[in-house]
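Scroll down for the structure; my scribbles are underneath it.
Keep in mind it's a predicted model, so treat the numbers as computed, not measured.
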Amino acid sequence: AADNEKIVWGILDFAPVYIVKGNHQGQGSGDQTLELITQRLRRYQHEKVITNISRLLEQIKTGNQICHPASVKTPEREEYGIYSKQVLIGSTHRIIMSTATAEAKNLQNGVNIHKLLADPSLRGGFATGRSYGPIIDNAVEQHKASKHLFFANGADLTETLMKMLTNDRIDYIVEYPWIVSYFKER
């Protein structure tokens, strides 16, 4: 590779994977993994661009040469992006809601995602452009026009949804348990 070849990395504000601000900036698990990758690819220049998932996917769709090291592969995304082999296996998503809400709706022992999304008495929060895996993505797609579902846009999507949940502006989110733990500890 020529000395001027550059790899552009699309980084999301997605703590604790990518921490783009604050005292722990650059110390997320994804930040550390990307640092290992860039150290191995020394013959390239590396540029990190902080973006949100919707903008990142749009850049890839329109042919911009940008890499994102933590994207969930979906059939739709494979139509316009190229994916490497999976190197990490993550945990599954969970429905996150208050104990009081779960008890009031008798959901302590599990939930059917389609029934949950169809229930107009519960306000759900989701990140626009984010994939939650094929089963949840399918359910969200079927119910996305529902007025009781909120789709966050822009930066800080996870933090926005966590704050909305904490402040009772929504009743549930779909998230990884370790991300919820990170925000609880802060």
Can you tell me which residue pairs pass the salt bridge (Lys or Arg N to Asp or Glu O under 4.0 Å) test with a partner in residues 160-170, sequence neighbours excluded?
Glu159-Lys163

Of all heavy-atom pairs between Ala118 and His143, which one has the smallest distance, and what is that distance?
CB-CE1, 3.6 Å

Say you draw a straight line from CE of Met162 to CD1 of Ile96; how long is it, rounded to the nearest 0.5 Å?
7.5 Å

Shared hydrophobic cluster for Leu57 and Ile66 (ILVMFWY, side-chain gaps under 4.5 Å)
yes

Rounded to the nearest 0.5 Å, what separates atom CD1 in Ile11 from atom OH in Tyr18?
5.0 Å

Test side chain to side chain contact (heavy atoms under 4.5 Å, CB included) applied to Gln25 - qualifying residues, sequence neighbours left out:
none

So with a 6.0 Å cut-off around CD1 of Ile37, is the heavy-atom count from everything else above 12?
yes

Does CD belonging to Gln65 count more than 12 external heavy atoms closer than 6.0 Å?
no

Do Met97 and Leu116 come close enough that some side-chain heavy atom pair is under 4.5 Å?
yes

Give the C-alpha distance, both sets of side-chain angles, the deciding distance and a yes or no for side chain to side chain donor-acceptor pair (under 3.5 Å) between His68 and Trp9.
CA-CA 6 Å; His68 178 56; Trp9 299 95; over 6 Å; no

Output every pair passing salt bridge (Lys or Arg N to Asp or Glu O under 4.0 Å) with a member in residues 79-91, not counting sequence neighbours, ordered by first then second residue.
none

Does one hydrophobic cluster hold both Phe183 and Val20, with members joined at side-chain heavy-atom distances below 4.5 Å?
yes

Who passes side chain to side chain donor-acceptor pair (under 3.5 Å) against Ser98, sequence neighbours left out?
Thr101

Spacing of NZ belonging to Lys73 relative to OH belonging to Tyr83, to within rounding of 0.5 Å:
8.5 Å

List for me each residue that meets side chain to side chain contact (heavy atoms under 4.5 Å, CB included) alongside Ser121, sequence neighbours excluded, and say none if there are none.
Lys105, Asp119

Quick one: pull up CD1 in Ile53 and OG in Ser131 and give me the separation to the nearest 0.5 Å.
9.0 Å

Ignoring hydrogens, what is the shortest heavy-atom contact between Leu56 and Gly10? Give both atom names and the distance.
CD1-CA, 3.9 Å

Spacing of CG belonging to Leu157 relative to OG belonging to Ser54, to within rounding of 0.5 Å:
7.0 Å

Arg94 side-chain N/O to Thr92 backbone N/O, donor-acceptor pair under 3.5 Å
yes

Looking at Arg42 and Gln39, would you say the former's side chain and the latter's main chain have a donor-acceptor pair under 3.5 Å?
yes

Shortest non-hydrogen contact between Gly129 and Arg77, atoms and distance
O-NH2, 2.7 Å

Sequence neighbours excluded - salt bridge (Lys or Arg N to Asp or Glu O under 4.0 Å) pairs with any residue from residues 133-142:
Glu141-Lys144

Considering residues, nucleotides and ligands other than Ile82, do more than 12 of their heavy atoms fall under 6.0 Å from its CD1?
no

Closest non-hydrogen atom pair, Leu34 against Pro69
CD1-CG, 4.3 Å

Without placing hydrogens or testing angles, list every side-chain donor-acceptor pair under 3.5 Å for residues 171-180, not counting sequence neighbours.
from, atom 1, to, atom 2, distance (Å)
Asp171, OD1, Arg123, NH2, 3.0
Asp171, OD2, Arg123, N, 2.7
Asp171, OD2, Arg123, NE, 3.1
Glu175, OE1, Arg130, NH1, 2.9
Glu175, OE2, Arg130, NH1, 3.4
Glu175, OE2, Arg130, NH2, 2.8
Trp178, NE1, Ser91, OG, 3.0

Not counting sequence neighbours, which residues clear side chain to side chain contact (heavy atoms under 4.5 Å, CB included) with Asn153? List them please.
Thr128

Go through the structure and list residues passing side chain to side chain donor-acceptor pair (under 3.5 Å) with Glu76, not counting sequence neighbours.
none

Answer yes if Ile136 and Leu122 sit in the same cluster of Ile, Leu, Val, Met, Phe, Trp and Tyr residues linked by side chain heavy atoms under 4.5 Å apart, and no otherwise.
yes

Can you name the side chain to side chain contact (heavy atoms under 4.5 Å, CB included) partners of His24, sequence neighbours left out?
Ile19, Gln27

Is Val111 reachable from Ile170 through a run of hydrophobic residues whose side-chain heavy atoms are each under 4.5 Å from the next?
no

Distance-minimising heavy-atom pair for Ile7 and Cys67:
CG2-SG, 3.9 Å

Linking I/L/V/M/F/W/Y whenever any side-chain heavy atoms sit under 4.5 Å apart, do Phe14 and Ile60 land together?
yes

Determine which pairs satisfy salt bridge (Lys or Arg N to Asp or Glu O under 4.0 Å) with at least one residue from residues 47-58, sequence neighbours left out, and list them in order.
Lys6-Glu47

Restricting to ring-ring contact (aromatic ring centres under 6.0 Å, His included), what partner residues turn up for Tyr132, sequence neighbours left out?
His93, Phe126

Could you state the interatomic distance from CG (Asn112) to CG (Leu107), rounded to the nearest 0.5 Å?
10.5 Å

